[in-house]
Amino acid sequence: MEEVPGVNAQETSRDSLLQSLREVLGEALAMNREDMRQMAGAGYEELALTL
């Protein structure tokens with residue numbers, strides 16, 4: 001698993017760890033997305049990409 005800065009967790013089981021990482025990653029992406037929207041200001045275009 002590649003490292004994502006600021007996304008980490010410590011749990012007692014593998015399943016709990018994966019669930020915590022999913023939640024923390026989702027929160028980090030949402031915060032980063034909002035920061036970028038604010039920095040972009042008016043007139044930006046948002047596109048969804050699928051990898």
Side-chain angles (χ1 to χ4, degrees):
M1 175 177 204
E2 290 187 40
E3 185 175 330
V4 179
V7 176
N8 52 59
Q10 294 182 355
E11 301 294 341
T12 58
S13 72
R14 182 181 187 273
D15 289 340
S16 294
L17 175 63
L18 293 175
Q19 182 60 36
S20 290
L21 288 172
R22 284 184 190 99
E23 292 172 11
V24 173
L25 178 58
E27 292 169 4
L29 291 174
M31 288 189 318
N32 288 345
R33 186 178 304 116
E34 185 56 33
D35 288 347
M36 292 303 109
R37 285 178 180 150
Q38 290 178 7
M39 289 175 61
Y44 78 94
E45 182 179 358
E46 191 169 326
L47 301 171
L49 298 176
T50 303
L51 299 177

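By the side-chain hydrogen bond (donor to acceptor under 3.5 Å, both in side chains) test, T12 pairs with no residue at all, sequence neighbours left out.
Using a 4.0 Å cut-off between charged nitrogen and carboxylate oxygen, E46 and R33 do not count as a salt-bridge pair.
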Evaluate side-chain contact (heavy atoms from CB on, under 4.5 Å) for V7 paired with L21, printing each intermediate quantity in order. CA-CA 7 Å; V7 176; L21 288 172; 4.2 Å; yes
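Within 6.0 Å of CD in E34 there are more than 12 heavy atoms belonging to other residues, nucleotides or ligands.
Side-chain heavy-atom separations under 4.5 angstrom define the hydrophobic clusters, and the remaining members of the one that includes M39 are M36.
Evaluated for a side-chain contact (heavy atoms from CB on, under 4.5 Å) with V4, the options L25, L29, V24 yield exactly one hit, L25.
In terms of heavy-atom proximity, Q10 sits nearest to L17 at N-CD1, 4.5 Å. The two atoms that bring E11 and S20 nearest to each other are OE2-OG, 2.6 Å, heavy atoms only.
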